[in-house]
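Below is one structure, written out as structure tokens, with a few remarks after it.
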Amino acid sequence: MRQFGVELYDRWTALWNGDTGLAAEIMAPEFRLRYAQAGTEAFDDIRHPAQLSAAIAGWHRQRPGLRFTAEGPAVVDIAMPDGAAPQGSVARPYLASFLNESGQTVSRSGTDILTFIGGRITEVWSVSSGAGGRTFS
């Protein structure tokens, strides 16, 4: 069962790396995104897979070379109540890198916590930037 959580996180990372068709496969029809970092306010109102796909595509247009990688082991809490589809949470650190206007690599790290019901993501908490409030720009 742990493997399901790891694979879901890997698919979440692939979504953020530009495979926007995955949103319809891994996200619930309606979900909540909770981003605790400066410069991500646009994600507060996203509730549907198509909206998320469009927002991610926009981030890639604004940030050349944007690439997300999972770092470290995943923490997975998962259950399959009465044989139903998996539900639970997976948390894992990530590193995001992109090129700024000067062509220099900018990196940001954080942790994404995905909650899923019926095998689909229903809520995401993403925390990065630290106390200094570094933006994602």
Side-chain angles (χ1 to χ4, degrees):
M1 286 197 319
R2 180 182 192 284
Q3 190 61 31
F4 176 86
V6 172
E7 289 173 2
L8 183 62
Y9 192 95
D10 288 346
R11 294 180 82 198
W12 168 253
T13 302
L15 168 64
W16 276 93
N17 281 327
D19 190 351
T20 56
L22 284 172
E25 297 176 23
I26 66 171
M27 303 304 296
E30 188 166 334
F31 52 83
R32 288 287 305 199
L33 301 175
R34 302 175 188 279
Y35 284 76
Q37 58 236 19
T40 60
E41 295 79 11
F43 291 91
D44 291 347
D45 296 325
I46 294 173
R47 297 285 183 277
H48 304 284
Q51 291 174 295
L52 181 57
S53 291
I56 290 171
W59 269 56
H60 278 269
R61 284 191 299 275
Q62 296 170 1
R63 294 164 184 83
L66 179 60
R67 183 84 182 140
F68 290 83
T69 55
E71 294 196 315
V75 176
V76 180
D77 179 17
I78 192 168
M80 294 180 70
D82 299 322
Q87 66 182 43
S89 299
V90 58
R92 194 169 192 183
Y94 68 85
L95 177 68
S97 300
F98 58 95
L99 301 176
N100 68 12
E101 307 82 34
S102 303
Q104 296 175 322
T105 299
V106 176
S107 296
R108 298 287 183 254
S109 61
T111 299
D112 282 350
I113 304 164
L114 316 177
T115 301
F116 51 93
I117 297 173
R120 293 192 170 212
I121 299 169
T122 58
E123 183 176 49
V124 175
W125 284 86
S126 186
V127 181
S128 69
S129 301
R134 296 176 305 175
T135 66
F136 232 104
S137 55

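This one's a predicted model, so the numbers in the text were calculated from it and none came from an experiment.
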Atom pair [atom1]/[atom2] of [X] and [Y] - distance to nearest 0.5 Å:
X	Y	atom1	atom2	result
Leu8	Glu25	CG	CD	11.5 Å
Thr111	Tyr94	OG1	OH	7.5 Å
Arg63	Glu101	CZ	CD	10.0 Å
Leu95	Glu71	CG	CD	4.5 Å
Tyr35	Glu41	OH	CD	12.5 Å

I'd like a table of donor-acceptor pairs (distance under 3.5 Å, sequence neighbours excluded) in which one partner is a side-chain atom from residues 113-123, with atom names and distances.
| unit_1 | atom_1 | unit_2 | atom_2 | d |
| --- | --- | --- | --- | --- |
| Arg120 | NH1 | Ala24 | O | 3.1 |
| Arg120 | NH1 | Met27 | O | 3.2 |
| Thr122 | OG1 | Thr115 | O | 3.2 |
| Glu123 | OE2 | Arg34 | NE | 2.6 |
| Glu123 | OE2 | Arg34 | NH2 | 3.4 |

(request) Check whether Trp59 and Val124 end up in the same hydrophobic cluster, where Ile, Leu, Val, Met, Phe, Trp and Tyr are linked by side-chain heavy atoms less than 4.5 Å apart. (result) yes
(message) So which atom in Asn100 and which in Ser102 form the shortest heavy-atom distance, rounded to 0.1 Å?
(response) OD1-N, 2.9 Å
(request) Compare every heavy atom of Leu22 with every heavy atom of Leu15, then report the nearest pair and how far apart it is. (result) N-CD1, 3.9 Å
(request) Evaluate the criterion side chain to side chain contact (heavy atoms under 4.5 Å, CB included) for residue pair Asp112 and Tyr9; output intermediate values, then yes/no. (result) CA-CA 9 Å; Asp112 282 350; Tyr9 192 95; 3.7 Å; yes
Just list the side-chain donor-acceptor pairs under 3.5 Å for residues 43-58, sequence neighbours left out, or say none.
| unit_1 | atom_1 | unit_2 | atom_2 | d |
| --- | --- | --- | --- | --- |
| Arg47 | NH1 | Asp44 | O | 2.7 |
| Arg47 | NH2 | Asp44 | O | 3.4 |
| His48 | ND1 | Pro29 | O | 3.0 |
| Gln51 | OE1 | Arg47 | N | 2.9 |
| Gln51 | OE1 | His48 | N | 2.9 |
| Ser53 | OG | Thr20 | O | 2.8 |
| Ser53 | OG | Pro49 | O | 3.3 |

(request) Let me see the working for Phe68 and Trp12 under side chain to side chain contact (heavy atoms under 4.5 Å, CB included), right down to the final yes or no. (result) CA-CA 10 Å; Phe68 290 83; Trp12 168 253; over 6 Å; no
Pairs of donor and acceptor atoms involving the side chains of residues 74-92, under 3.5 Å and at least two apart or interchain, shall be tabulated with distances.
| unit_1 | atom_1 | unit_2 | atom_2 | d |
| --- | --- | --- | --- | --- |
| Arg92 | NE | Gly72 | O | 2.7 |
| Arg92 | NH1 | Asp10 | OD1 | 3.4 |
| Arg92 | NH2 | Gly72 | O | 3.1 |

